[in-house]
Amino acid sequence: METIFGNLQGLKSSQLKQLQRLYHQRIPGDRITTSEFSQRLAAISTEVNQPVCAYVNRRGQVIRVGVGTPRQTQIPPLELPRYGAERLSGIRCIATHLKPEPPNEAALTAMALQRLDALVVLNITGTGFTRRGGGATGYVKEAYLAHLIPQESRTLITSPATLKVEESQIQSPSWNISPPLGLDDLADQDLVDLVENLEAEFQREFVAQEVDSDHDRVLIVGLMTSEITPLQFQDTLVELARLVDTAGGDVLQTIQQKRSRIHPQTVVGEGKVQEIALTAQTLGVNLVVFNRDLSPSQVRNLEMQIGIRVVDRTEVILDIFAQRAQSRAGKLQVELAQLEYMQPRLAGRGRTMSRLGGGIGTRGPGETKLETERRAIGQRISRLQKEVDQLQAHRSRLRQRRQHREVPSVALVGYTNAGKSTLLNALTNAEVYTADQLFATLDPTTRRLVIPHGEADKPQEILITDTVGFIHELPASLMDAFRATLEEVTEADALLHLVDLSHPAWLRHIRSVREILAQMPITPGPALVIFNKIDQANSETLALAREEFPLAVFISASQRLGLETLRQRLAKLIEYAVDSR
């Protein structure tokens, strides 16, 4: 297709034909350009009185012709060939410019966004700029050759737990611009030698970063609105970095923007999208993660402009859940949540979703692949929903059986990574998996616990259940899919609300858990607040917690501190809960 891109308004058919003939031109594979091709491009640009860009691959074929600047005619990211941080795209741009000046920043940024092999800017001058008469002439006064160069240092954030997100300091791309060149000097430039040397340097830099190829290289984008304070915003970014780390990604950098309202098409502004795309290309990022939920159309728009995969916070959490689920019930609920999340987003998954099938027996009227996929996912969701309902009924029968035996039950609740599984292990000698990660365990575990009862401290047996951890703005799809698990909370006689006192945002974690509990269809039983990890908290935080929560219990589950006091308070809580039935 000899398509001409850019601003074609007012062009004559003869001028369009001249532009289309550029597709038939060939440049030697080892040359950046030739004097003849440059002069022809200058003549056409003079004729149309606008800049003209020709994009050439390494075989010397013209693959794209546009009317306008390199910024206005650049190749969309999704149409560029796939390449890594250690390679260039294999395409060079030869552009004309109507003013005698070096390449401007917009043109150089377009070069970096497309990761071009080189950018040639031909400054043209001459006479006959009128469109009438057909005798417009122009010649190349001088030319500039620009190309990317590797950056000397790039910082990889290796510890999201200690990440301090400050004002974004985006590393601008590095490029080199030649002095003014004549056409003969430009034609003598060896493209092969230039590209091989550049890619060898990019390769050395890439290897020096010791990047694990199995891990996603992630750029986090945070949007701050008036709904939250700056401190809360920083906490959410640190938490998102930990989520990415838990999911198996490496956070390379964080970009922030403050807006009064969300941009309906791209969440952040147009300039910030370009900044994200440029940073992603500069750092070799292959995944962009936003700190808020994105609509299907926003994901499509962002991926088209950035050129790499874009996900939101919910999708990261779903990925963690898929990795952590061990039991059949957990896997069932994770699959249900993922399908419900995926269903409205099918339309953006490539052109194949909107085409009819090909081959014998598939032509003619029929469903598009998108409709077929939606129908199949809808049927799968219905089957999974029935299985979740059966699981819910099964757990309900188990709870009724326990209630007939009059065995009190307690549910451990709290923010993710508060130490619930560690406390369960410390109290009951269970062997539940524990790790300093978000959502380390998903499947509920129930164990027996003996506590003192009555004035004579007679032993009493209770059941204590470790539940899935909560998180700020827990996705609605997870709330619905995990309702069978969360009902363990509503059916328990009492709750132990565990709080990580060493976390800077412990007060916000308490509020988040209470908000989720308030959304339960059945009001949970009485709760006892337990502050964990007191061995890692400072004295000021301890004093504040004691003042704000005078009835709370302070423990360290890993160091087994305060567990006896906890058993005594738990006995009183159970006695109160049973009497209140």
- [ ] Could you please spell out the steps behind the side-chain contact (heavy atoms from CB on, under 4.5 Å) verdict for Phe470 and Thr416?
- [x] CA-CA 5 Å; Phe470 295 162; Thr416 178; over 6 Å; no
TODO: Salt-bridge test for Arg313 and Glu239: reply yes if a basic N is under 4.0 Å from a carboxylate O, no otherwise.
DONE: yes
Open item on the list: Between Ser512 and Ile471 (side chain of the first, backbone of the second, donor and acceptor by atom type, cut-off under 3.5 Å), is there such a pair?
Closed with: no
Task: Lys420 with Asp466: basic N within carboxylate O range, under 4.0 Å - done: no
Open item on the list: Checking the side chain of Arg115 only, and the main-chain atoms of Arg87 only, is there a donor and an acceptor separated by less than 3.5 Å?
Closed with: yes
TODO: Look up atom CD in Gln323 and atom CG in Leu318, then write down how far apart they are to the nearest 0.5 Å.
DONE: 11.5 Å
Open item on the list: Can you tell me how far apart OG1 (Thr236) and CD1 (Ile228) are? Round to the nearest 0.5 Å.
Closed with: 5.0 Å
- [ ] Spell out, as yes or no, whether a donor-acceptor pair under 3.5 Å connects the side chain of Asn176 to the backbone of His147.
- [x] no
Task: Inter-residue atom distance Arg300.CZ - Ser295.OG, 0.5 Å rounding - done: 7.5 Å
Open item on the list: Tell me if a side-chain donor or acceptor on Asp312 pairs with a main-chain N or O of Leu294 at a distance below 3.5 Å.
Closed with: yes
TODO: May I ask you to decide if Gly222's main-chain N or O and Gln256's side chain share a donor-acceptor pair within less than 3.5 Å?
DONE: no
Open item on the list: To the closest 0.5 Å, what do you measure between CD (Gln298) and CD1 (Ile262)?
Closed with: 7.0 Å
Open item on the list: Less than 4.5 Å apart, side chain to side chain, heavy atoms only: is that true for Gln234 and Pro230?
Closed with: no
Task: Mutual orientation of the aromatic rings belonging to Trp506 and Phe531 [parallel < 30°, tilted 30-60°, perpendicular > 60°] - done: perpendicular
Open item on the list: Salt bridge check, Lys272 against Glu275: does any charged N sit closer than 4.0 Å to a carboxylate O?
Closed with: yes
Task: Gap separating the NE2 atom of His472 from the CD atom of Glu515, nearest 0.5 angstrom - done: 7.5 Å
Task: Test item: Asp319 side-chain N/O and Glu315 main-chain N/O as donor-acceptor pair under 3.5 Å - done: no
Task: Check: Asp293/Tyr341 side-chain N/O donor and acceptor closer than 3.5 Å - done: no
Task: Main-chain N/O of Ala110 paired to Gln114 side chain as donor or acceptor, under 3.5 Å - done: yes
- [ ] Can you measure from CG (Asn532) to OG (Ser558) and round to the nearest 0.5 angstrom?
- [x] 7.0 Å
